[in-house]
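Take a look at the structure below.
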Amino acid sequence: MDGSEKRADLRWVTAVRALDSLHRTTAWLRCGSTAVLWASLAWTPASTRTHSALALLLATAGAVLSLLHAYPEVRARLEEASDRLPALYPLFDHLDGARGRASFNLPGLTEGFGMAVMGLALVGPFGPAGTDVSVSIVQLSAVMMFVALVFINIVCEPGYYAPAQQVKLGSDRSAGAAEWWLVLLRRLIPVGALLIAGALFVPDWTVSLRAVPRAARVCAVLGVGAVALVWWAFDRILDAAVTTAVDIERSVRNEACRDLHSMSKTGVSMVVTAEQSDNYARAEVRGLLRDALVQIEEMRLDWLDPGRGTGGTVGTLWDAVLCVMVSELRGRCVLDPGSASVALPSTDYQLARRVLSDLVANAVKAGALKVEAKVDTDSASDVRCGPAVRIRITVADDGSGMSSDPVGKNSSLVVLQRDLDRYQGSIEFAARKGGGTAVHANWVSQQPVEEWPVRASIKEGD
């Protein structure tokens with residue numbers, strides 16, 4: 001189950017975490033809408049202010065609860081400071097339990113009934129009379145903003161994306177799929193919201209409402225249609241996020257499998273070579289097995305915590321490449337003396353070790369009697385980050401040579417080519433005069449120039 005269309009677990013947890021940010025933004029906007037409505041009462045007739053204030057109370061309470069719901073860290077601080085207010089504990093438990101679930105909760109219910117009261121008793125059929133037309137327009141716009149944001153939170157509720165089986169990713173745990181009637185209600189919301197808003201605000205229910213141009217009222221009602229647009233956009237973003245996560249997961253698996261294959265293949269083949277050698281030595285076989293296991297464990301730790309190391313010099317790297325080779329083959333491999341002191345940061349160090357291990361092992365297994373390796377760096381230009389460092393590796397041998405297409409689809413080197421492509425690099429094979437092959441590999445470091453361990457080792461290019 002690695003296709004993005006099947007990864008309901010990723011879809012749900014992405015929706016949960018995306019809505020955390022969305023909910024915080026919309027909660028502040030709803031509080032802002034209620035603040036505008038409260039401020040507008042200063043320009044309404046004194047005789048209607050009590051009526052209007054009562055119409056705002058429930059929506060204001062819902063907006064505050066929603067804001068509290070969006071900030072669990074604030075709830076945690078309040079809980080620490082509320083030892084004398086045990087009545088808050090059930091409220092906080094309810095808010096914590098509502099995260100990522102399609103269900104009715106106190107903030108949603110309070111805001112839902114609050115927007116109904118505002119629609120009916122503030123700017124709708126039972127709104128107060130005598131309000132100036134400019135104030136009525138402001139109030140109508142603020143109410144419609146509040147209504148649209150409430151419905152956006154409802155239709156984008158992560159619980160609707162939860163699969164039937166429970167999901168646990170990190171600290172997030174799902175409660176199963178939403179009830180069928182909630183799913184049906186969700187589908188009816190965009191059309192229902194338009195119909196209800198149209199029925200409340202388009203007819204001339206009151207003198208104040210009649211004073212607002214009908215075109216303005218229709219435009220305000222149509223603004224609720226943004227619910228459907230946001231819903232559609234949210235689904236597309238989820239699709240893109242899940243597809244990206246699946247692609248990254250597949251890439252990581254491929255790289256891990258490639259590294260494991262390369263490391264184990266080289267180690268096992270050298271053990272077999274040592275075991276079949278005329279100069280068989282049990283201690284050497286044990287040492288090769290030990291070194292291979294150590295390198296595999298190092299590779300595992302690097303995958304669990306990329307970049308955990310501090311890198312190192314090419315000389316140290318070369319020792320790691322040779323340690324899994326039988327002694328009679330090590331003597332065939334030579335590192336350019338000037339390369340030993342070149343320092344590489346962690347990520348480039350690991351990639352260089354993989355490149356050298358593959359190329360050197362391939363050369364000696366192909367019968368080369370002498371393999372020469374060289375590693376150097378020079379300046380480059382990264383199209384994304386500007387000045388960068390390019391690492392260059394050359395492995396030359398005196399073997400029988402390689403085919404004209406050494407990186408064909410049936411070659412293990414094709415994976416190495418893909419890795420270098422990711423870092424704006426390449427690998428090229430060329431025949432040497434007198435026989436043998438020279439392999440040139442290069443890539444651009446992801447480490448910023450100013451963070452490189454040894455600046456002096458970087459040659460200035462043309």
Taking every heavy atom of Arg24 against every heavy atom of Ala70, the minimum-distance pair comes out as NE-O, 3.0 Å
For side chain to side chain contact (heavy atoms under 4.5 Å, CB included), just list the numbers for Val439 and Thr437, CA-CA rounded to whole Å, side-chain angles, deciding distance to a tenth of an Å, and then say yes or no. CA-CA 6 Å; Val439 186; Thr437 304; 4.1 Å; yes
Taking atom types as modelled and ignoring hydrogens, do the side chains of Asp348 and Tyr423 form a donor-acceptor contact shorter than 3.5 angstrom? no
Between CZ of Arg332 and CG of Leu329, what distance do you get to the nearest 0.5 Å? 5.0 Å
Quick check: do Ile154 and Val227 have side-chain heavy atoms less than 4.5 Å from each other? no
Are any of the side-chain heavy atoms of Pro387 and Ser379 separated by less than 4.5 Å? no
Are Arg186 and Tyr161 in a cation-pi contact, defined as NZ or CZ under 6.0 Å from the six-membered ring centre and within 45° of the axis? yes
Side chains of Ser339 and Asp376: donor-acceptor distance under 3.5 Å anywhere? no
Chi angles and distances behind the side chain to side chain contact (heavy atoms under 4.5 Å, CB included) call for Leu10, Val246: CA-CA 9 Å; Leu10 291 179; Val246 169; 4.0 Å; yes
Between the main-chain N or O of Gly62 and the side-chain N or O of Ser66, is there a donor-acceptor pair closer than 3.5 Å? no
Name the residue from Thr26, Asp20, Thr25 that meets the side chain to side chain contact (heavy atoms under 4.5 Å, CB included) definition with His23. Thr26
Candidate pair Ser426 and Leu420, rule side chain to side chain contact (heavy atoms under 4.5 Å, CB included), full reasoning: CA-CA 6 Å; Ser426 63; Leu420 296 179; 5.9 Å; no
Return yes if a side-chain donor-acceptor contact under 3.5 Å exists between Asn153 and Glu157, otherwise no. no
Looking only at atom types and distance, does a side-chain atom of Asp398 sit under 3.5 Å from a main-chain N or O of Lys370, one as donor and one as acceptor? yes
Check whether Thr14 reaches the backbone of Arg11 with its side chain - one donor and one acceptor, N or O, closer than 3.5 Å. no
Hey, what do you get for CH2 (Trp443) to CZ (Arg392), rounding to the nearest 0.5 Å? 11.0 Å
Should the pair Arg432-Glu372 be classified as a salt bridge under the 4.0 Å nitrogen-to-oxygen rule? yes
